[in-house]
There are 2 protein chains.
Amino acid sequence: MIKITLPDGTIREYAKGSTPMDIAKSISEGLARNVISAKFNNTIIETATRLNEDGALVLYTWNDSEGKKAFWHSTSHIVAQAIEELYPGAKLTIGPAIDNGFYYDVDFGDRTLSEKDFPEIENRAMEIARGKHDFKMRPVPKSDALALYKSQDNQYKVELIENLEDGSITFCDHDTFTDLCRGGHIPNTGIVKAIKILSVAGAYWRGDEKNAQLTRVYGISFPKQKDLTEYLELLEEAKKRDHRKLGKELELFTFSQKVGQGLPLWLPKGAALRERLENFLKKAQKKAGYEMVVTPHIGQKELYVTSGHYEKYGADSFQPIHTPKEGEEFLLKPMNCPHHCEIYNSRPFSYRELPKRYAEFGTVYRYEQSGELHGLTRVRGFTQDDAHIFCTPEQLDQEFKNVIDLSLYVLGSLGFDNFTAQVSLRDLNTPEKYIGSVSNWEKAENAILNAAKEKGLNFVVATGEAAFYGPKLDFMVKDALGRQWQLGTIQVDYNLPERFDLTYKGSDNELHRPVMIHRAPFGSMERFIALLLEHTGGNFPLWLTPQQAIILPVSEKHEKYAEKVLNSLENNEIRALIDRRNETVGKKIREAEMAKIPFMLIIGENEEEANTVSVRKHGGDDLGSITLAEFAGLVTKEINSTLKSF
Amino acid sequence: MIKITLPDGTIREYAKGSTPMDIAKSISEGLARNVISAKFNNTIIETATRLNEDGALVLYTWNDSEGKKAFWHSTSHIVAQAIEELYPGAKLTIGPAIDNGFYYDVDFGDRTLSEKDFPEIENRAMEIARGKHDFKMRPVPKSDALALYKSQDNQYKVELIENLEDGSITFCDHDTFTDLCRGGHIPNTGIVKAIKILSVAGAYWRGDEKNAQLTRVYGISFPKQKDLTEYLELLEEAKKRDHRKLGKELELFTFSQKVGQGLPLWLPKGAALRERLENFLKKAQKKAGYEMVVTPHIGQKELYVTSGHYEKYGADSFQPIHTPKEGEEFLLKPMNCPHHCEIYNSRPFSYRELPKRYAEFGTVYRYEQSGELHGLTRVRGFTQDDAHIFCTPEQLDQEFKNVIDLSLYVLGSLGFDNFTAQVSLRDLNTPEKYIGSVSNWEKAENAILNAAKEKGLNFVVATGEAAFYGPKLDFMVKDALGRQWQLGTIQVDYNLPERFDLTYKGSDNELHRPVMIHRAPFGSMERFIALLLEHTGGNFPLWLTPQQAIILPVSEKHEKYAEKVLNSLENNEIRALIDRRNETVGKKIREAEMAKIPFMLIIGENEEEANTVSVRKHGGDDLGSITLAEFAGLVTKEINSTLKSF
C-alpha cells in the first residue's frame with residue numbers, strides 16, 4: 001500500500017501501482033469523468049501513470065490552468081500528426097502549451113503555410129481526435145531515440161536528444177504518431193472536441209536568429225465546440241479593443257521607423273491624456289505628502305555599479321555611452337532609484353524629517369529584443385510614475401498602508417475593479433538569497449500582509465517570489481485577451497540604502513539606515529494607458545477623456561451660438577470643440593461616435609431660440625433639449641461618480 | 001595727403017604719416033585726452049601708428065568695448081613685466097584681454113602662486129604704470145624673435161613664433177619689457193591708475209590637457225581708482241547673486257559626483273519652481289494654439305543622419321549607444337526637432353490644417369568639456385521649452401509676430417525688462433552658404449525685421465550671423481556679472497523640411513514644403529532659472545516664488561489659529577506654511593528673511609482675538625495687522641502687477 005496526500009491535507013491509502021485515474025474514481029465518478037492531468041510530488045504526470053511510493057497528488061480538470069496546459073500540449077501532438085501526414089518531409093521540432101493554446105515549430109522546407117491551409121489541418125486533426133487514441137508514455141534508450149530521428153533526417157530532434165541524458169528520455173505515442181516528450185498529457189485524444197489553427201509566424205530554431213527559420217503554427221483547442229465559438233468571439237472583440245488599433249484611431253500615439261521600434265511618439269491627444277493622468281496623480285500625491293524631483297536620463301556608469309544595476313543588466317541592455325574624454329562612460333537610466341538615492345544623500349536627515357517621499361515621472365530606457373516589443377505594453381522607453389519613500393523601520397507599516405490607499409484610489413478612479421494583487425515573500429528555506437536582517441524582513445512582510453488584509457485586498461501570496469532586496473505587492477489587470485499584466489507595484493528595499501550608504505540621525509543621536517519603498521501606482525504611463533484602452537475600449541472615464549463634448553451646429557447660421565455654447569462650456573471647465581465643417585449633422589454624429597466623444601450637443605433653430613442644447617450620448621441615448629447649466633450639472637455628476645476625492 | 005573717413009561718414013584730409021592721436025587732436029582736445037586705441041580699415045592699431053593711405057578710422061576711448069580691450073591687454077604687459085621681475089625664470093606664454101579684464105598664462109616651474117602673492121605683483125605693476133612708459137610696436141625678423149626666446153629658454157613663445165610667417169612678427173616694448181605681440185595697446189602705461197589681480201587657476205598650454213599645466217593669472221585694471229572700488233563692490237554683490245550659491249541656499253538643485261558633472265538634480269523646491277514656470281508657459285501656449293507632444297530621449301542614429309545633426313555634432317558629442325543587436329545604434333537626442341518632424345510626417349496635412357504647433361518640454365543632452373561646465377548656465381543635459389511650428393510661407397509673417405508676443409509676455413512676466421534682441425541675417429556676399437531659395441530668405445528676413453520693428457523691440461542686426469538653414473531672432477539678458485547670455489530664440493528653418501521631405505497639400509491640390517520655426521521663449525529651463533536667480537537675487541516674482549507666505553505663531557498656544565490661517569490661505573491659492581518650531585519669533589523672522597519668503601504672517605494673542613495677521617514683508621516693511629481677506633487682496637494685487645494675462 002502507498003500513502004497519498006491530497007491537496008486538502010487528507011491522507012488515503014491505495015494499492016501500490018494505482019493510477020491518478022483510479023484515485024479519482026475512488027473519490028467520485030464526477031471527478032473521474034473530468035480529471036485530465038495530475039501532479040505527483042511536484043512532477044506533472046499522466047492520469048494513467050502508476051504510483052509506486054507515498055506522495056502528494058493533485059488532480060487537474062479543464063478548469064485548472066495545469067489542466068488546460070496538458071489539454072493544449074496534447075492537442076499539439078494531434079496537430080503535429082496531422083501536419084506530418086499532410087506535409088511529408090516536414091520536420092517537427094517543439095510544441096509546447098502557451099497561455100492561450102499551443103504552438104508547434106515546424107521546418108516545412110521550401111513550403112510556406114498560409115491561412116487557406118488551416119481547414120485541412122484542422123479537419124485531419126479532428127478526425128484523429130475522434131479516434132479516441134490513448135496518449136502513452138514510454139522510456140527509450142538514447143541510441144534508439146537518436147536512431148529514429150536520424151532515420152527521419154530530423155536534425156532538430158537529434159540536437160534535442162543529444163543534450164539529454166540516457167535513461168531520462170521518453171517518447172509519447174498516440175495512434176500512429178510518436179514524439180519525443182517529457183510528458184503531461186490528457187488521457188486520450190477523444191476529449192478534444194474543437195481545434196482551431198489561429199495563425200502562423202516565423203520563429204528561429206532555439207530563438208537564435210543565426211539559426212534556421214521555422215514556421216510557428218499557433219492553435220487552440222477546447223473540450224466543447226461552444227467554448228471555441230465563445231473564444232473566437234472574444235478574439236474578435238479583443239481585436240476591436242487592441243490598444244494599438246485604438247491608439248491609431250484616436251490619434252494618441254505613433255511609432256516611427258527612423259526614431260526606432262519600441263519608442264512611442266505621443267501625439268497631441270495622447271500627450272494631453274497622459275498629462276491629465278499625471279496631474280490626477282500629482283494632486284493625490286501632493287495631499288499624501290510627496291515632493292516632486294527632476295533627474296537626468298543618464299548617469300555615470302559608476303552610479304549603476306554602486307546600485308548593482310550594471311552588474312545585473314549591463315550586458316543585455318543599452319550599452320554605455322562614451323564621450324570624447326577617454327574612460328568617461330554614461331548609461332541611459334534603466335531605473336530612477338539611484339538618482340533619488342543621490343538626492344537623499346545630498347544632505348543629512350534627522351528622524352524627525354522622515355519619511356521623505358521623492359516622486360518623479362521618470363522616463364527610463366531598457367533594451368528589449370525587437371521580437372518582444374508589443375504596442376505600448378512592451379517598449380524600450382517608458383515613463384514610470386515613480387516615487388521612493390525613505391522612512392524609519394517603524395514607519396514602514398503606515399507608509400505601506402498609505403501607498404495601498406493611493407493605489408486603490410488610482411485603480412478605482414479609472415474603473416479597474418477587477419484587479420488582483422500578489423504579495424511576494426521570501427523563501428524561508430533559502431535565507432542566503434536575501435539581503436537585510438531577518439527581523440527587518442519579518443517586519444516588512446508582516447507590514448505588507450497586514451496592510452493587504454486591513455485594506456481588504458483580494459490577494460494571493462507567492463512564497464519565494466520576493467526580490468532579493470525585499471518583499472513586494474503587485475497589482476495585476478487583464479488585457480482584452482485576458483492576459484495578465486502587472487501595473488502598479490510597491491516594493492520594500494533594504495539593498496539600495498546599504499549600497500548608497502543612506503543614513504539618518506535617530507533620536508539616540510546615532511546614524512541609522514532608512515528603509516526604502518519603491519512604488520508606482522500606474523506602473524508606467526505607457527502600459528497603463530494601453531491597458532486602460534483595452535479595458536474601456538477607448539471610452540475613457542469622463543474626467544479623463546480628451547474631448548468631453550462636441551458641438552454640432554445644424555448649419556452655418558448657428559456658428560455664433562455655437563461659439564457662445566463653447567465659451568460657456570470652457571467656463572465650466574468642460575473640454576469641448578465645435579465641428580464647423582460643412583457636413584450633414586448625420587455625418588457629424590457618426591464621426592463623433594467613431595471618435596468616442598461622450599456628449600454630442602446638437603444646435604439648430606429651436607435650441608438657439610430656447611438657449612438650450614440637444615444632448616446625445618455616445619452610444620445613442622437621446623437626453624433631449626436641456627439648458628447649459630443642466631448640461632454642466634450632468635457632466636459634474638458623471639465625473640463625481642467615478643473620480644472620488646483623495 | 002590721405003583721406004580719412006570717420007564713423008559719421010565725414011571725410012577729412014590729413015598729411016601722410018599722421019597718427020590717430022594727431023587726428024583726435026584735430027577734432028577736439030577732449031577727444032585727444034581720452035582716445036586710447038583705434039581701428040584703421042578693420043585692423044586694430046595704436047594711437048601712435050602712422051597712417052600712410054586712405055581709409056576708415058574709428059577712435060576708441062575707455063567707454064568703448066574695443067577701448068577696454070586695448071586697456072586690459074596693455075595691462076597684461078605691465079603685469080607680465082612685474083611677474084618677470086619678481087619671479088625670475090617664470091616663462092610667459094599668452095596674455096589676452098577677456099570680457100572683464102585680462103589674464104596671463106605663466107609657467108612658474110615648481111612654484112605655486114597664491115592670493116598672498118597678489119599685493120606684491122599689484123604694487124610692482126602700479127610702480128611700472130606710474131612710469132608713463134610708451135607702448136611701442138616694432139617689426140622683428142623671425143630669426144631674431146626665435147633667438148630672443150630661445151635664449152630665455154621659453155619653449156612656449158618659440159612654438160608660437162615658429163607658427164608665424166617671417167615678416168608678420170612684431171614685438172611690443174615698454175620700459176625694460178618686451179613681448180611678442182600683434183598690437184592693440186593704449187598710448188602709455190600711465191593711463192592705468194588701478195590694477196587688481198583677481199585670482200589664479202590652472203590652465204593647459206593651448207587648452208590641451210596632454211600639454212604642460214600653466215598658471216592663469218586673472219586681473220583687471222581701470223583708468224580711475226574709483227572704478228576699481230565700484231567693480232569690486234559689484235563682484236561682491238555678484239557673488240551673493242551667483243545662482244550656484246543661491247540654488248544651494250534655497251535648496252533648488254544639486255549636483256552629484258556619481259551621477260556626473262553638468263547633470264543637475266532638481267530638489268523638491270526647484271522642481272516645483274520649474275513646474276510653475278512650465279505651467280505658466282503651457283497655459284499661454286494653449287491659448288496661442290500650441291499642442292503638446294511627448295517624444296523619447298533617444299533616436300536611431302539614422303534619424304540624426306537624416307537631420308544632419310550626426311554629421312555636424314557626432315564626433316564631439318555623446319557617442320552612439322550600441323545594443324546587444326549587431327549594427328543597431330541609438331543617439332541621445334541633442335535636439336527635439338527631428339522627433340517633431342517625424343510626428344508631422346506621421347500623417348498627411350492639408351494647407352487648411354496649418355499651422356501645426358508642436359510643443360514639448362524636451363530634455364536634450366549635449367556633451368560639453370568639463371572645463372566649460374558652469375552651474376546651470378552650461379550643462380550637459382537641459383530641458384528646452386521647445387516648439388516647432390509648421391506653416392505655409394504665407395503664414396510665416398503672422399506666426400513670427402505671435403512668437404514675439406509670447407516671448408515678450410514671458411520676459412515681461414518674469415521682470416526681465418533689460419533684455420536686448422539680435423536679428424541674425426545672411427551674408428549677401430556668400431549665398432552659397434545658405435539653403436533655401438533667395439525669395440524665401442527675403443520673405444523670412446523681412447518677416448523678422450518687420451515683426452521686430454512692429455513689436456518695438458530694442459534690437460541689433462547681425463549680418464552674416466544667420467544659421468545656414470535660416471535667419472533668427474535671439475533674446476539676450478545679462479547675469480550678475482554683466483555677462484550676456486542667450487535665452488529665448490526664434491529661428492526660421494528651410495533645411496529640415498527638405499531633409500525630412502515634409503509636405504502639405506496646397507489649395508492647388510499639389511504638395512508643397514512647409515516652413516518650420518524653432519522657438520523657445522525660456523531657451524532652457526536650466527539657464528533661464530539660473531539667470532532669473534541672478535537677476536532677482538532669489539527674490540522671485542510673487543506668482544512664481546516657492547513659498548509666498550510663512551505663518552509664525554508667537555507661541556504654541558496659537559497653533560490652532562495658525563492652522564485656520566493656513567487653511568484660509570490655501571483656499572485662496574496662496575502657497576504658505578507654518579513655522580511650528582519652538583523658537584523665538586525673532587529667530588523665525590531672521591530665517592524666513594534668509595529663505596527670501598515674501599510675506600511673514602506673525603500671529604499672537606491680539607491677532608487671534610481680532611481674527612487678523614501681522615504682516616511683515618521680506619526686507620523689513622511692516623504692513624501692520626490686517627484681515628485675511630485684506631491679505632489675500634494684497635497678494636492678488638501684487639501678482640497682477642507682474643503677471644499679465646496673455
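Below, chain A is the first sequence line, B the second, and so on; all start at residue 1. Every value quoted in this text rests on a predicted model; they were computed, and no experiment measured them.
- Heavy-atom distances place the side chain of Tyr367(B), and not its backbone, under 4.5 Å from chain A.
- Considering CG of Leu263(A) and CD of Gln300(B), their distance stands at 8.0 Å, rounded to 0.5 Å.
- Contacts between Leu331(B) and chain A at a heavy-atom distance below 4.5 Å are absent for every atom of the residue.
- With respect to the salt-bridge test (charged N to carboxylate O, under 4.0 angstrom), the residues Glu275(B) and Lys282(A) qualify.
- Considering all non-hydrogen atoms of both residues, Ile298(A) and Phe318(B) come closest at CD1-CZ, 4.0 Å.
- Looking at Phe330(B), the atoms closer than 4.5 Å to chain A (heavy atoms on both sides) all sit in the side chain, from C-beta outward.
- Look at Arg380(A) and Glu328(B) and you find a salt bridge, because one of the NZ, NE, NH1 or NH2 atoms lies within 4.0 Å of a carboxylate O, short of that distance.
- Within the 4.5 angstrom heavy-atom criterion, no atom of Thr383(B) approaches chain A.
- With Tyr365(A) contributing its side chain and His297(B) its backbone, the two residues share a donor-acceptor pair below 3.5 Å.
- For the set Lys269(B), Met292(B), Glu209(B), the count of heavy-atom pairs under 4.5 angstrom toward chain A peaks at Met292(B).
- If you measure heavy-atom distances from Glu360(A) to chain B, you find no contacts under 4.5 Å at all.
- In this structure, Pro264(A) and Pro296(B) approach most closely via the heavy-atom pair O-CD, 3.5 Å.
- Neither the backbone nor the side chain of Pro338(B) comes within contact range of chain A; no heavy atoms are under 4.5 Å apart.
- Heavy atoms closer than 4.5 Å to chain A are found in the side chain of Tyr358(B), but not in its backbone.
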